[in-house]
Trainee: 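Below you'll find the structure I mean.
Because the structure is predicted, anything quoted here is derived from the model rather than measured. All heavy atoms count here, side chains included; hydrogens, waters and symmetry mates do not.
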Amino acid sequence: MYDFKTFAQMNLDLIFQGYDRMPEPGEEVFARRFTMQLGGGPMVCPIVLDQLGCKVELGTFLGKGEVTEICLRLLEKRGFRAYRSFPSPREDPVVVTAVFSGPRDRGFLAHNEQVYESCLPEETVFQYLRDARVVFAPVGHPGVTRRLHEAGVKIVFDNGWSDDLSIDTVKDVLPYVDVYTPNDKEARKIAGTDNLEEALRFLARYTGNPVITMGRDGCAYLENDRMEILPAQSGIRAVDTTGAGDNFITGVVYGMIHDLPIKQCLQLGNRFAGKSTTGVGCYGANITRDELTGVL
């Protein structure tokens with residue numbers, strides 16, 4: 001039995017920091033700092049959990065090009081070998097993202113071949129995920145999410161932003177999800193309201209544990225039918241917020257693996273996210289077991 005499994009695209013981040021402004025067309029602006037490292041998304045969770053001693057596996061899509069070779073070298077450098085490559089309809093399906101990390105926020109320019117587990121047969125996806133305690137809801141397979149739920153697997157769902165995001169695009173999955181983690185912009189769009197509590201209660205009609213993430217303002221959830229806000233971890237000197245949301249979800253999953261109540265799972269999420277911002281990129285400052293004292 002695995003603690004956690006997920007499918008995820010392989011990601012490569014090119015992170016630029018310390019520039020005075022973004023260039024206008026025809027201009028060149030120099031950044032004082034640059035790093036190339038593995039990127040974010042669902043792949044953050046198994047990589048970070050692996051370092052905490054959890055039994056994990058990442059189902060991903062690799063090609064034969066130079067970008068894939070770079071990612072494999074970076075995986076090897078981190079000592080992460082718990083992955084399995086599935087057939088891809090694209091020659092080099094790795095997502096490459098230029099991250100422009102400023103003092104207050106970030107911007108992204110990405111190339112994405114859109115290769116997800118939705119290109120795989122339903123039975124392949126189900127059989128891969130069924131022997132894990134916790135999984136992410138697989139992209140494009142609501143039937144697999146239902147079957148996993150019925151088999152007792154815990155499911156986390158984070159849909160991400162799209163211009164056509166609505167309750168109709170997620171309602172087939174939400175009844176089978178244990179924790180749903182949209183950010184405040186996504187939640188308000190789905191619920192059709194600017195009021196945070198109204199959005200939270202709207203989502204609660206469809207799923208058991210909606211959690212609205214709010215970046216530096218923490219997260220909101222319902223406890224005993226009351227909206228509660230857990231503030232982000234204080235006393236953090238943030239260097240780069242790239243991957244903070246992915247690390248938050250990783251902390252939540254870590255709590256679910258240990259069968260903790262939702263509040264403690266979210267406290268772990270805040271702690272993982274806060275620590276991640278003290279380094280550059282998604283993995284620049286991973287949390288250690290010693291730093292979890294007082295929550296577990």
Trainee: Using a strict 4.0 Å threshold on nitrogen-to-oxygen distance, state whether Asp172 and Arg146 make a salt bridge.
Mentor: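 Here Asp172 does not pair with Arg146 in a salt bridge, since their nearest N and O are not under 4.0 Å apart.
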Trainee: Answer with yes or no whether the side chains of Thr213 and Asn183 bring together a donor and an acceptor at under 3.5 Å.
Mentor: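 Absent: no donor and acceptor within the cut-off.
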Trainee: Once salt bridge (Lys or Arg N to Asp or Glu O under 4.0 Å) is applied, what residue pairs with a partner in residues 30-41 remain, sequence neighbours excluded?
Mentor: Asp20-Arg32
Trainee: Answer yes if Val173 and Leu129 sit in the same cluster of Ile, Leu, Val, Met, Phe, Trp and Tyr residues linked by side chain heavy atoms under 4.5 Å apart, and no otherwise.
Mentor: yes
Trainee: Taking the side chain from Thr60 and the backbone from Ala8, do they hold a donor-acceptor pair closer than 3.5 Å?
Mentor: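 Yes; at least one donor-acceptor contact below 3.5 Å.
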Trainee: Backbone N or O of Leu38 within a donor-acceptor pair of the Asn11 side chain at under 3.5 Å?
Mentor: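 No, because the side chain of Asn11 does not come within donor-acceptor range (under 3.5 Å) of the backbone of Leu38.
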Trainee: Does the distance from a Lys or Arg side-chain N to an Asp or Glu carboxylate O, for Lys189 and Asp194, drop under 4.0 Å?
Mentor: no
Trainee: What residue pairs, at least two apart or across chains, pass salt bridge (Lys or Arg N to Asp or Glu O under 4.0 Å) with a residue in residues 221-230?
Mentor: Arg201-Asp225
Trainee: Is the closest basic N to carboxylate O distance between Glu123 and Arg147 below 4.0 Å?
Mentor: yes
Trainee: Could you please spell out the steps behind the side-chain hydrogen bond (donor to acceptor under 3.5 Å, both in side chains) verdict for Asn195 and Thr193?
Mentor: CA-CA 5 Å; Asn195 183 282; Thr193 177; 5.4 Å; no
Trainee: For a quick check under 3.5 Å, do Trp161 and Asp163 share a side-chain donor-acceptor pair by atom type?
Mentor: yes
Trainee: Could you state the interatomic distance from SG (Cys265) to CG (Asn270), rounded to the nearest 0.5 Å?
Mentor: 12.0 Å
Trainee: Salt bridge check, Glu291 against Lys275: does any charged N sit closer than 4.0 Å to a carboxylate O?
Mentor: yes
Trainee: Hey, quick one: are Leu109 and Tyr19 part of the same hydrophobic cluster, counting side-chain heavy atoms closer than 4.5 Å, chains of contacts allowed?
Mentor: yes
Trainee: Verify the ring-centre separation between Phe4 and Tyr254: is it less than 6.0 angstrom?
Mentor: no
Trainee: Please report the closest heavy-atom contact between Ala244 and Ala273, naming both atoms and the distance.
Mentor: O-CB, 3.4 Å
Trainee: With sequence neighbours excluded, tell me which residues meet ring pair (Phe, Tyr, Trp, His ring centres under 6.0 Å) with Phe7.
Mentor: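 By the ring pair (Phe, Tyr, Trp, His ring centres under 6.0 Å) rule, Phe7 matches Phe86, Tyr128.
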Trainee: Pairs of donor and acceptor atoms involving the side chains of residues 205-212, under 3.5 Å and at least two apart or interchain, shall be tabulated with distances.
Mentor:
{"unit_1": "Thr207", "atom_1": "OG1", "unit_2": "Leu174", "atom_2": "O", "d": "2.9"}
{"unit_1": "Thr207", "atom_1": "OG1", "unit_2": "Val177", "atom_2": "O", "d": "3.3"}
{"unit_1": "Asn209", "atom_1": "ND2", "unit_2": "Asp178", "atom_2": "O", "d": "3.3"}

Trainee: With a 4.5 Å heavy-atom cut-off, do Met214 and Leu196 have their side chains touching?
Mentor: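 Heavy-atom side-chain distance check passes, below 4.5 Å.
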Trainee: Can you confirm whether Tyr180 sits close enough to Leu203 that some side-chain heavy atom of one is under 4.5 Å from a side-chain heavy atom of the other?
Mentor: yes
Trainee: Test of understanding: with ring pair (Phe, Tyr, Trp, His ring centres under 6.0 Å), list the residues that count as partners of Tyr2, not counting sequence neighbours.
Mentor: none
Trainee: Does atom CD (Glu91) have a neighbourhood of more than 12 heavy atoms from anything else shown, all under 6.0 Å?
Mentor: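 Open: at most 12 neighbouring heavy atoms sit under 6.0 Å from CD of Glu91.
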Trainee: Between Val135 and Thr6, does the side-chain contact (heavy atoms from CB on, under 4.5 Å) criterion hold? Intermediate values first, please.
Mentor: CA-CA 6 Å; Val135 303; Thr6 188; 5.9 Å; no
Trainee: Is there a path of hydrophobic side-chain contacts, each under 4.5 Å between heavy atoms, that joins Leu120 and Phe136?
Mentor: no
Trainee: State the CE-CG distance between Met10 and Leu58, to the nearest 0.5 angstrom.
Mentor: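 Result: 5.5 Å between the selected atoms.
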Trainee: If we check side-chain contact (heavy atoms from CB on, under 4.5 Å) with Met36, which of these qualifies: Ile70, Val96, Asp13?
Mentor: Ile70
Trainee: Return yes if a side-chain donor-acceptor contact under 3.5 Å exists between Tyr283 and Asn247, otherwise no.
Mentor: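 Side-chain D/A pair, Tyr283 to Asn247: absent.
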Trainee: For the pair Arg81 and Glu57, evaluate salt bridge (Lys or Arg N to Asp or Glu O under 4.0 Å) and give the outcome as yes or no after the intermediate values.
Mentor: CA-CA 9 Å; Arg81 300 177 181 85; Glu57 190 169 87; over 6 Å; no
Trainee: Arg133 versus Val153: any side-chain heavy-atom pair under 4.5 Å?
Mentor: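 In short, these two side chains do not touch, never coming nearer than 4.5 Å.
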Trainee: Between the side chain of Arg289 and the main-chain N/O of Leu52, is any donor-acceptor distance below 3.5 Å?
Mentor: yes
Trainee: Just jot down the side-chain hydrogen bond (donor to acceptor under 3.5 Å, both in side chains) partners of Asn286, sequence neighbours excluded, or say none.
Mentor: Gln51
